[in-house]
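Just so it is clear: chains get the letters A, B, ... in the order the sequence lines come, proteins before strands, and each one is counted from 1.
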Amino acid sequence: EVPPTLDEMIFAISQI
Amino acid sequence: SKHLVLLDLLALLLVTEAKSDVAATMLRTNGSMKFFYSKNRPFTDSENKYVRTLFNYASETNRSVADRYTNLMAAIVDKCQKKIKSRISKVLRRVRELSTDRGIHSEDRLPLELVEKLKAKLGIGPEQSLKNRLISWLDYLSPAQRLKDPEFLRYAIVTAHSIGIPSDINLLIDQKLLRRIRKLGDYMGAVTQLVGEVDLLPPQVLQTLVIQEVPPPPPDRIVIEKTSVEIVEQWARNRHIEEPTETNLRIQFPSLPQPLSQQNTITRSVHCECTLITKIVDDLVQQGTSPLVTLEVGVSKSLCNLCEVFMGSVKKRYPNITIMVSTHHGKNVSGWRLPPLTPLEISREVEDHINSCIEEIRCKAT
């Protein structure tokens with residue numbers, strides 16, 4: 001499985 | 001720190017749209033003076049023209065200071081009116097939150113001498129009450145239809161500025177209200193500072209002044225198809241470590257939004273302070289400058305967490321360059337992007353930080 005992209009991780013952090 | 005305050009004020013003048021606190025400014029001196037500015041998106045032609053106009057008005061040293069203030073205020077009120085209106089609204093919102101005396105305390109409890117001093121500073125006659133005068137100013141601000149009138153906006157700024165200047169005024173006005181009044185008055189503060197700074201420049205420096213935008217790449221839009229929960233789960237799965245359950249995550253982070261049925265479209269941009277710092281550092285490195293250099297960056301917004309990390313990494317890589325930025329509130333924002341051609345060790349360090357944030361989230365939830 002591919003790891004989450006940097007954009008996805010930044011998005012997740014911004015929501016949490 | 002005084003210089004940084006000035007830069008922050010100048011940055012405010014470049015915010016030409018409400019809700020886009022994105023301008024940043026930079027001054028550099030070494031005999032010549034260069035002024036760089038940037039936003040999270042490229043400036044429009046009309047915005048660039050406006051910046052030139054501001055400097056032209058400020059540097060018309062053959063005109064009186066009062067005339068230069070008037071011309072500058074007219075340009076600012078014209079170009080930044082949405083932001084100015086939003087600052088007036090914030091003053092009024094606080095007024096509405098307060099009781100009938102609108103957060104203005106009675107001057108009776110202050111020493112008479114101080115009251116006289118404040119009245120003189122605010123141009124209030126000895127027979128008038130400070131409290132009543134401040135209340136009537138706030139009432140005058142209220143009717144919404146006046147917001148369309150540029151003369152009203154100018155007056156609101158100029159008065160807010162003079163109210164906010166005396167430090168003793170905090171004995172009379174609700175602190176939160178005073179903060180908002182001062183923010184409105186900052187426009188006038190920026191104008192006086194700008195004219196004052198230009199007047200300090202020797203004429204030969206003024207003639208060779210460089211005023212230049214550093215454009216970032218245009219923002220782009222991306223679609224995030226996963227929820228934050230899925231992203232954290234996938235991150236853990238990929239590392240073969242314990243995945244948090246959705247329930248755990250929601251217990252630990254109650255502010256987590258419920259998954260929406262539609263996808264999230266995110267605007268990605270390079271933040272203005274990162275654009276400016278990258279440009280100046282690149283210039284210095286290309287010139288082979290090795291002595292100690294201090295970069296002061298003025299911003300009209302708070303620094304986000306990732307900009308802070310980025311800056312920390314730049315500082316580490318170039319220890320002879322000191323970077324000073326005044327505000328930081330540690331917000332995490334989506335759509336943050338590294339400047340193009342960021343050196344690998346800096347991008348790695350930012351990525352490591354992002355990974356450690358996800359790991360922290362995962363740990364808390366598991």
Side-chain angles (χ1 to χ4, degrees), chain A, chain B residues 220-240 244 249-250 252-260 263-269 304-306 309 330-338 347-348 350-362 364-365:
Chain A
E1 190 180 25
V2 287
T5 64
L6 210 56
D7 290 323
E8 287 170 336
M9 290 195 279
I10 293 173
F11 168 75
I13 296 165
S14 77
Q15 289 211 315
I16 294 168
Chain B
D220 59 359
R221 286 164 83 74
I222 52 161
V223 172
I224 305 280
E225 306 205 6
K226 297 168 204 150
T227 64
S228 334
V229 173
E230 285 166 346
I231 292 164
V232 179
E233 284 169 351
Q234 190 191 7
W235 186 89
R237 208 155 50 237
N238 204 266
R239 281 174 157 67
H240 308 290
L249 274 166
R250 291 199 182 279
Q252 199 58 242
F253 307 101
S255 61
L256 204 60
Q258 289 299 324
L260 299 166
Q263 301 155 324
N264 284 294
T265 307
I266 304 288
T267 303
R268 294 194 318 158
S269 60
C304 83
N305 252 335
L306 290 177
V309 173
K331 259 189 280 181
N332 287 318
V333 293
S334 63
W336 188 92
R337 205 169 132 194
L338 281 162
S347 58
R348 279 219 182 105
V350 174
E351 283 167 31
D352 285 350
H353 171 81
I354 293 166
N355 276 305
S356 73
C357 289
I358 301 272
E359 170 62 357
E360 199 183 315
I361 292 164
R362 186 199 70 92
K364 278 189 183 160

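Separating the OG1 atom in B:T227 from the CZ atom in A:F11 is a distance of 8.0 Å, to the nearest 0.5 Å. Annotation: the span from B:N264 atom CG to A:Q15 atom CD amounts to 6.0 Å, rounded to 0.5 Å. Once rounded to the nearest 0.5 Å, the distance linking CE of A:M9 with CD of B:Q234 reads 9.5 Å.
Nearest heavy-atom pair, A:I16 versus B:S255, reported as atom, atom and distance to 0.1 Å: O-OG, 4.2 Å. Residues B:C357 and A:I13 come closest through the heavy atom pair CB-CD1, 3.5 Å. Of all heavy-atom pairs spanning B:I231 and A:P4, the tightest one is O-CG, 3.6 Å.
With a 4.5 Å cut-off on non-hydrogen atoms, B:R237 touches chain A through its side chain but not through its backbone. Proximity to chain A (any heavy atom under 4.5 Å) is restricted, for B:I361, to the side chain, taken from C-beta onward. Using a 4.5 Å cut-off between heavy atoms, B:V333 contacts chain A through its backbone alone, with no side-chain atom that close. At a 4.5 Å heavy-atom cutoff, the contact between B:I266 and chain A is made by side-chain atoms alone.
Using a 4.5 Å heavy-atom cutoff, the side chains of B:W235 and A:P3 are not in contact.
The most heavy-atom pairs under 4.5 Å with chain A, out of B:L256, B:L338, B:I222, come from B:L256.
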Requested in this report: Show the numbers, then the answer: is there a side-chain contact (heavy atoms from CB on, under 4.5 Å) between A:T5 and B:I224?
Outcome: CA-CA 10 Å; A:T5 64; B:I224 305 280; 5.6 Å; no
